[in-house]
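Numbered from 1 within each chain, the chains take letters A, B, ... in sequence-line order.
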Amino acid sequence: MELKPQEAMETNIEVPIKPEKGNSPFQIALKRFLKNKLAVIGVFVLLAIILAVTFAPLLTEHSPTKSNLLLIERPPSEEHPLGNDSSGRDNLSRLLYGGRISLIVGFSAMIFTLIIGVTLGSIAGYYGGKIDAIIMRAADMMLVLPFLVLCLTIVAILERVNVGIFVAIIAITSWPNLTRIIRGTYLSLREQEFVLGAKAIGASDFRIIFKHFIPNAIGPIVVNATLMMATYIIIESGLSFIGFGIPQPTPTWGNMISEAQSLRILRNSPEAWIPPGLAILTTVLCINFIGDGLRDAFDPKSNRR
Amino acid sequence: MYKYLIRRVLIFIPMLLALTIIVFALIQAAPGDPISGKIFDPNIDPEVFEKQKEALGLNDPIHVQYWNWLKDVMQGDFGKSFIFKGRDVSDLIAERIGNTFYLGIFTLFITIIVSIPIGIYSARKPYSILDYGATTFGFFGLAVPNFFFGLVAIYVFSIQLGWLPSQGSVSSPGLTGIELFFNKLQHLILPGLTLGLAGTASYMRFMRSEVLDVLGSDYIRTARAKGMTDRSVLYKHTLRNALIPIITLLGFEIGALLSGAVITEGVFQYPGIGTLFLSSIGNRDYPVIMAINLMLGFFILLGNLLADIFYSIVDPRIRYD
């Protein structure tokens, strides 16, 4: 009798099971976010808008800034599906290129506000004491004047405005709200033990803020940044509408709607001013949906759906 | 509590000073100086110009200038307009403020009348058709820029249907009595709806979540358990608690309303503070711009003060340490 090598036995040996990896907070948030239908739709529609304005040259061959005296206030035609504005510029191409400016202004104003707000909020919330008092009093002072009115006053003082200056004005006048939110988040983080631990092993202030505070405050930061961007797009269009935003002939959605201040265009060419309005509405709606989705996703207490 | 109230009123004073300092800094930052703005003639003799500057106190040290300016402002003297030659800024503002005041009151009235009942209904019957409708309206109301809504409103109600006037605050100056009242009211409807849109949407959402919160609390369960009717649970327990934060928010709403009024009044050519502000910005009429800044800031601070005071009176739960 021949003994078989006991190979079969080996299959019975316990195979080390891969330990199931728990979901990281980010994965949990992502899963929650993907369950929110409106937010996901918002992402897709916003992406479509971004693609359309990015590839504007492929979608239209007309220049958004070139006037044509022969085409002033022409109704829609095959060549110009949305007609022409009061300087004979093609409305469709202004809609697409204008979206670029509106989105870029909203986005960069948001980034600038984030930089100012997070820096000041971090300093105030982390160090506390005198520096905190100074920053928060400065924030209080800024909040005394309504944002829009302060913006307009600065526009009047500067006399000349371009996209860069406009973004700076928005960021400089709107940091206080974000600073307050971040400071508030930090105040509660500061008392927690992991911060004490990080200090005990000798982590620098800079490292604690960047490695421990900001990641823990990322929820409110991202949510507020999103909603801020929506607000800035509305503010930009509002200021451009009344003629104190981005100057003509640069196309923005607000600039396009300002054509409708003439009662004749308002009455006769709704195709000129309704599309940019709907574009603003859709963009802001999408961003708000995404912001709400993010808020629910980052909020550990939320268990909606 | 009185300690808290007194302290809160006392904080109002340094805030007011801070406001005047900001506005004064803005005045200083404005290009040129009051006499070189529009009146300055490039051919003027530099010596005469210097003399005028000296006479107006523009060569004084900055803190002296601030103090003199503050003294004037306290007496209601905001200087003279560049554009409307020789007219006092305070007169220009006094002429317009009534219209903005009516618009504000009308807007607040609509906001409250619409948002609170719908918010309550949505909270009592969540996920009903009306609740979904209200939520959709809320999303749109917060996303649509109010000037665009205003234009659509003019297009639909003034141009297409011809129901309501699209501009101004009154049709003809000759009206009196009840006719004048209704005519003014007609002119308020479209601007009021436009200005109130965002507020209505956010108050509705806020009211809904507030009532839902209260309905989930223990004392409501107790009230139900002891056999109170739905009606009295709603009026005696729910609303009283849910309305506290809303009424307080109204104090803060003043700021939003005033700055929203700037663009809305512009769309409807409504002769209020907002259109005065816009035309002053366009003409770089700095004395008027600064006076309006100062005035709006003052109303906002006052609104915040009233909101805080009111809150401490109606809600005994907050701590005053």
**Message:** As a quick check of understanding, evaluate side-chain contact (heavy atoms from CB on, under 4.5 Å) for M142(A) and L150(A), giving each step before the final call.
**Reply:** CA-CA 9 Å; M142(A) 296 292 290; L150(A) 190 57; 4.1 Å; yes

**Asked** So does F24(B) have more than 12 non-hydrogen atoms from other groups sitting under 6.0 Å from CZ?
**Response** yes

**Prompt:** If you tally heavy-atom pairs under 4.5 Å against chain A, which of I289(B), I154(B), I263(B), V23(B) wins?
**Reply:** I263(B)

**Prompt:** side-chain contact (heavy atoms from CB on, under 4.5 Å) between F137(B) and L197(B): does it pass, once the steps are laid out?
**Reply:** CA-CA 10 Å; F137(B) 167 78; L197(B) 183 68; 3.8 Å; yes

**Message:** Assess whether a salt bridge exists between K35(A) and D296(A), defined as any Lys/Arg side-chain N lying under 4.0 Å from an Asp/Glu carboxylate O.
**Reply:** no

**Request:** Could you look at I300(B) and say if it's the side chain, the backbone, both or neither that has a heavy atom under 4.5 Å from chain A?
**Result:** side chain

**Message:** So that I can tick it off, tell me whether D292(A) and R205(B) are bridged by a salt bridge, with the cut-off set at under 4.0 angstrom between side-chain N and carboxylate O.
**Reply:** yes

**Request:** Could you go through the side-chain contact (heavy atoms from CB on, under 4.5 Å) check for N99(B) and R96(B) one step at a time?
**Result:** CA-CA 6 Å; N99(B) 280 334; R96(B) 307 279 196 116; 5.7 Å; no

**Message:** If the contact rule is any heavy atom under 4.5 Å from chain A, which residues of residues 271-281 of chain B qualify, in numerical order?
**Reply:** F277(B), L278(B), I281(B)

**Request:** Could you have a look at L281(A), T231(A), I287(A), T282(A) and say which one has the most heavy-atom pairs with chain B under 4.5 angstrom?
**Result:** L281(A)

**Item:** Toward chain B, the part of L38(A) with a non-hydrogen atom under 4.5 Å
**Value:** side chain

**Neighbour count above 12 (heavy atom, 6.0 Å) for F107(A) CZ** = no

**Request:** Flag the pair L103(A) / I50(A) as yes when at least one side-chain heavy-atom distance between them is below 4.5 Å, and no otherwise.
**Result:** yes

**Message:** Tell me whether F101(B) at atom CZ has more than 12 heavy atoms from other residues, nucleotides or ligands lying less than 6.0 Å away.
**Reply:** no

**Asked** Would N36(A) and R32(A) satisfy side-chain contact (heavy atoms from CB on, under 4.5 Å), going step by step from the backbone distance to the final call?
**Response** CA-CA 7 Å; N36(A) 187 329; R32(A) 282 221 193 105; over 6 Å; no

**Complete:** Quick note, salt bridge (charged side-chain N to carboxylate O under 4.0 Å, His left out) partners involving residues 141-157 of chain A, not counting sequence neighbours, are none

**Request:** Tell me, out of L152(A), N288(A), I280(A), who's got the most heavy-atom pairs with chain B below 4.5 Å.
**Result:** L152(A)

**Request:** For chain A, find which of L294(B), V267(B), I21(B), I22(B) contributes the most heavy-atom pairs closer than 4.5 angstrom.
**Result:** I22(B)

**Prompt:** Using a heavy-atom distance cut-off of less than 4.5 Å, which residues of residues 141-153 of chain B contact chain A?
**Reply:** L142(B), A143(B), V144(B), P145(B), F147(B), F148(B), L151(B), V152(B)

**Complete:** Looking only at heavy atoms, the pair that brings A201(B) and G138(B) closest together is CB-O, 3.6 Å

**Asked** Which residues pass the ring pair (Phe, Tyr, Trp, His ring centres under 6.0 Å) test with F166(A), sequence neighbours left out?
**Response** none

**Request:** Report the option among F299(B), F139(B), F298(B), F140(B) that has the most heavy-atom pairs separated by less than 4.5 Å from atoms of chain A.
**Result:** F139(B)

